[in-house]
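Presented below is the structure to which this report refers.
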Amino acid sequence: MNLLIKSATIIDPNSPFNQQVVDILIEKGVISKIAPGLEADAELVEAEGKYVSPGFFDLNCNVGELGLETKEDLHTGTAAAAAGGFTGIALMPNTIPPVHSKAEIEYLMNRAKRNLVDVYPLGAISHKREGKDLAEMYDMFLSGAKAFTDGNRPVQDAGLMERALLYAQGFDALILSYPEDTAIAGKAKVNEGEISTLLGMKGIPPLAEELMIARDLYLAEYTGSRIHFTTISTTRSVELIREAKRKGLEVTCDVAAHHLVLTDEALMGFDSLYKVKPPLRTRDDVNSLLKGLKDGTIDAIVSQHTPHEVEFKDVEFEMAEFGIIGLQTALTLALKAGLDLELIIQKLAVNPREILNVDAAIIAEGQDANLVLFDTDEEWEYNKKNNRSKSYNSPFIGQHLKGKVLLTCNNNHLYKQ
C-alpha cells in the first residue's frame, strides 16, 4: 500500500511535526517521508484543511464473539471501528462464554490477526464473571491479556477485588473497575433525580457509582496497585478521582463519549435508544465530566460500543437492554462537546495506549502508519447504509453530524469512506 496524503495538519503531541501542515508519504505500510511538497507514485489523497492523528484506541468496546455473534462479530465490529477512526480496541469480556481463560484470549487474538484494527481482549477478573473466585488471570496475561475486568458486572465482593489487585500487581497487569454498587443501584433504569420523578421511574442514585469508586480507591491505596475506572458519570466521581490523583495514587479513568453531550432529559420520550448504563445524568454532571477531561482528571474517552439486536431495544423502556453502539460517533460527539482538538486526540488516541501499556502510534518518519485522517467541519448523515455495525441501536442514526473520519490506516491496510 502506497499512499500520499497532501497538505494535512498533524495533531500528535508525540510527533516532531505536531501542528505542522505537511505531506505524508506511506510506502508498504510505513511512513517513509514527511515534508511539504512531496511527489510520489502513490495513491493521492488531498487533505488541505483536514487533520491527521494517531489512530484512535477504545478502552471499552463490546463485540459479540464469543457466543453473541448475532449482535456483533469481529468482522463487523472492527469494520465499525475503522469507520470511526479506531485502529485499536480493547474488548470487554461480556460474552457467552465470558473471556475467563487463556482459550478465549487465544481464540480472539487468532481471529483478529492481519486486521486493520488491533484487537486486545480483556480477561475477566472472576471465573464466569460471577464475582466469586479469581479467573485464570496469569494464564490469560501470558496469552496476551493486558488488563482484567468483569466488564459490565461490578466486582461486588471487596475481598475479591483486593485479591485481584494484589495478584495483578505481581505481573504488572491493570485492573479495570466498573463502579456500581448493585445493592444500591438495584433494578432501576435511569438516573435518580427530577427526570426520574417526572417519568415515574425508580432511579439509580449517583451514590451507587461513587460508593464503589471510594471503596476501590481505598483498596488500591492499601495494596499499592494500579486501577482504572471505566465510564464514570457523576460530579462526585470526578472529585474522588481528582483527590486520589493529588494523593499520588496510580489511578486512571475514562468517560463514554455519549455522556459528554446527552443528559437524562433525553429520556422524556421514553426512547430506549437512550437507555445506557451508567445512566445519562444531569447537565451539572456533564459539565463536571468536561471539566475533568480538561484538567486531566479523566484520562480517556471511550465509545462503550454495546450492540444489540432490534428485539432487545425496540421494546418497552423498562424491558430494553442497556447500551448503544458508539464506534462511529465517538469523534463527532467529542467535537460536539466543544473539546479542543488536541485534547480530543490526547484522550482518544494517546492516553488509552499508555493506560493499557500498548506501543504508542506516532506520526513520524520510519514509524508504521497507524493513523486517521478526518475533517472536523464536514457534515454527514449517520444512517443504516453507512453504519458498519451489525446492530443499529444508536439514537444518532438518522441525524446529521459534524466531524467525519475520511481514512483509517494501520497494519498496511487502508479504510476509506
Ignoring hydrogens and angles, write down the donor-acceptor pairs under 3.5 Å from the side chains of residues 80-92, residues two or more places apart or on other chains.
from : atom 1 : to   : atom 2 : distance (Å)
T87  : OG1    : R353 : NH2    : 2.9
T87  : OG1    : N370 : OD1    : 2.6

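Looking at residues two or more places apart in sequence or on another chain, you find no ring-ring contact (aromatic ring centres under 6.0 Å, His included) involving Y392. A search for salt bridge (Lys or Arg N to Asp or Glu O under 4.0 Å) contacts involving E221 returns K247, not counting sequence neighbours. Legend: residues meeting side-chain contact (heavy atoms from CB on, under 4.5 Å) with A124, ordered by chain and number and at least two apart, are P93, H100, R129, D150. Under the side chain to side chain donor-acceptor pair (under 3.5 Å) criterion, D264 pairs with N191, not counting sequence neighbours. Taking R226 as the reference, nothing meets the side chain to side chain donor-acceptor pair (under 3.5 Å) condition, with sequence neighbours excluded. Remark: E180 pairs with K277 by the salt bridge (Lys or Arg N to Asp or Glu O under 4.0 Å) rule, at least two apart or across chains. Remark: E265 pairs with no residue by the side chain to side chain donor-acceptor pair (under 3.5 Å) rule, at least two apart or across chains. For S101, the side-chain contact (heavy atoms from CB on, under 4.5 Å) criterion is met by A103, E104, E136, not counting sequence neighbours.
Closest approach of P279 and H259 over heavy atoms only: O-NE2, 3.2 Å. The minimum heavy-atom distance between L289 and T234, with the atom names listed, is CD2-N, 4.4 Å.
No donor-acceptor pair closer than 3.5 Å links the side chain of Q346 to the backbone N or O of I344. Under the 3.5 Å distance criterion, the side-chain polar atoms of K245 are matched with a main-chain donor or acceptor of T297. Side-chain atoms of S272 come within 3.5 Å of backbone atoms of K313 as a donor-acceptor pair (strictly under, hydrogens ignored). Side-chain atoms of N393 come within 3.5 Å of backbone atoms of T306 as a donor-acceptor pair (strictly under, hydrogens ignored). Side-chain atoms of Q399 come within 3.5 Å of backbone atoms of P395 as a donor-acceptor pair (strictly under, hydrogens ignored). A distance-only check finds a donor-acceptor pair linking the side chain of Q20 to the backbone of P16 [under 3.5 Å]. N383 contributes no side-chain N or O that, together with a main-chain N or O of G398, makes up a donor-acceptor pair within less than 3.5 Å. E342 places no side-chain N or O within donor-acceptor distance of the main-chain N or O of I11, the cut-off being under 3.5 Å. Distance alone, capped at 3.5 Å, places no donor-acceptor pair between the Q304 side chain and the G326 backbone. Put simply, the side chain of E65 gets close to the backbone of L74: a donor and an acceptor are under 3.5 Å apart.
Looking only at atom types and distance, the side chain of D285 has no donor-acceptor partner in the side chain of S288 under 3.5 Å away. Donor-acceptor pairing under 3.5 Å is lacking for the side chains of E48 and S7. Using modelled atom types and a 3.5 Å distance limit, the side chains of N18 and S15 yield no donor-acceptor pair.
The shortest distance between side-chain heavy atoms of V302 and L59 falls below 4.5 Å. Looking only at side-chain heavy atoms (C-beta outward), V22 and T9 stay at 4.5 Å or farther from each other. At least one side-chain heavy atom of S53 sits under 4.5 Å from a side-chain heavy atom of F56. Side-chain contact check for L217 versus L240: some heavy-atom pair is nearer than 4.5 Å. Annotation: side chain of Y178 is not in contact with side chain of R153 (no heavy-atom distance under 4.5 Å). Side-chain contact between I301 and L339 is present, with at least one heavy-atom pair separated by less than 4.5 Å. Between Y120 and L356 the shortest side-chain heavy-atom distance falls below 4.5 Å. When side chains are defined from C-beta on, L68 counts as touching I96, because their heavy atoms get closer than 4.5 Å.
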*Are S233 and E209 close enough, and set up right, to give a side-chain contact (heavy atoms from CB on, under 4.5 Å), and what steps lead you there?*
CA-CA 8 Å; S233 65; E209 176 176 306; 2.7 Å; yes
*Stepwise side-chain contact (heavy atoms from CB on, under 4.5 Å) test for F374 and T408*: CA-CA 9 Å; F374 57 92; T408 310; over 6 Å; no
*When you look at K347 and D299, which way does the salt bridge (Lys or Arg N to Asp or Glu O under 4.0 Å) test go after all the steps?*
CA-CA 6 Å; K347 308 296 185 180; D299 302 273; 5.7 Å; no
*Would you please test H228 and T252 for side-chain hydrogen bond (donor to acceptor under 3.5 Å, both in side chains) and show each step?*
CA-CA 5 Å; H228 178 86; T252 51; 2.7 Å; yes
*Under the side-chain contact (heavy atoms from CB on, under 4.5 Å) criterion, do D58 and L327 qualify, and how do the steps go?*
CA-CA 8 Å; D58 191 11; L327 286 166; 3.5 Å; yes
*Could you go step by step and tell me if E210 and S237 meet the side-chain hydrogen bond (donor to acceptor under 3.5 Å, both in side chains) rule?*
CA-CA 5 Å; E210 297 152 7; S237 295; 4.6 Å; no
*Go through the steps to decide whether Y218 and D216 satisfy the test side-chain contact (heavy atoms from CB on, under 4.5 Å), and finish with yes or no.*
CA-CA 5 Å; Y218 276 119; D216 286 351; over 6 Å; no
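Within the structure, salt bridge (Lys or Arg N to Asp or Glu O under 4.0 Å) contacts touching residues 112-125 (residues at least two apart or in different chains) do not occur. The list of salt bridge (Lys or Arg N to Asp or Glu O under 4.0 Å) pairs with a residue in residues 11-24, not counting sequence neighbours, reads K6-D23. Among pairs with a residue in residues 398-417, those fulfilling salt bridge (Lys or Arg N to Asp or Glu O under 4.0 Å) read E43-K416, E378-K404, at least two apart in sequence or across chains.
Within a 6.0 Å radius of CG in N386, other residues, nucleotides and ligands contribute more than 12 heavy atoms. Within 6.0 Å of NE2 in H413 there are more than 12 heavy atoms belonging to other residues, nucleotides or ligands. Crowding of D157 atom CG: a count of heavy atoms from other residues, nucleotides or ligands under 6.0 Å exceeding 12. Surrounding NZ of K33 are at most 12 heavy atoms belonging to other residues, nucleotides or ligands under 6.0 Å away. No more than 12 heavy atoms of other residues, nucleotides or ligands shown are found within 6.0 angstrom of CD on E194.
For the pair E309 and K71, the salt-bridge criterion is met [side-chain N within less than 4.0 Å of a carboxylate O]. The pair E72-R388 does not count as a salt bridge, with every side-chain nitrogen at least 4.0 angstrom from each carboxylate oxygen. Of the charged side-chain nitrogens involved, at least one lies within less than 4.0 Å of a carboxylate oxygen, so that R236 and E239 count as a salt-bridged pair.
In this structure, OH in Y274 is found 8.5 Å from OG in S394, a value given to the nearest 0.5 Å. Expressed to the nearest 0.5 Å, how far CG of L25 lies from OG of S32 amounts to 3.5 Å.
If you look at F171 and F141, their ring centroids are closer than 6.0 Å.
Under a cutoff of 6.0 Å and an axis angle of 45°, K275 and F317 form a cation-pi pair.
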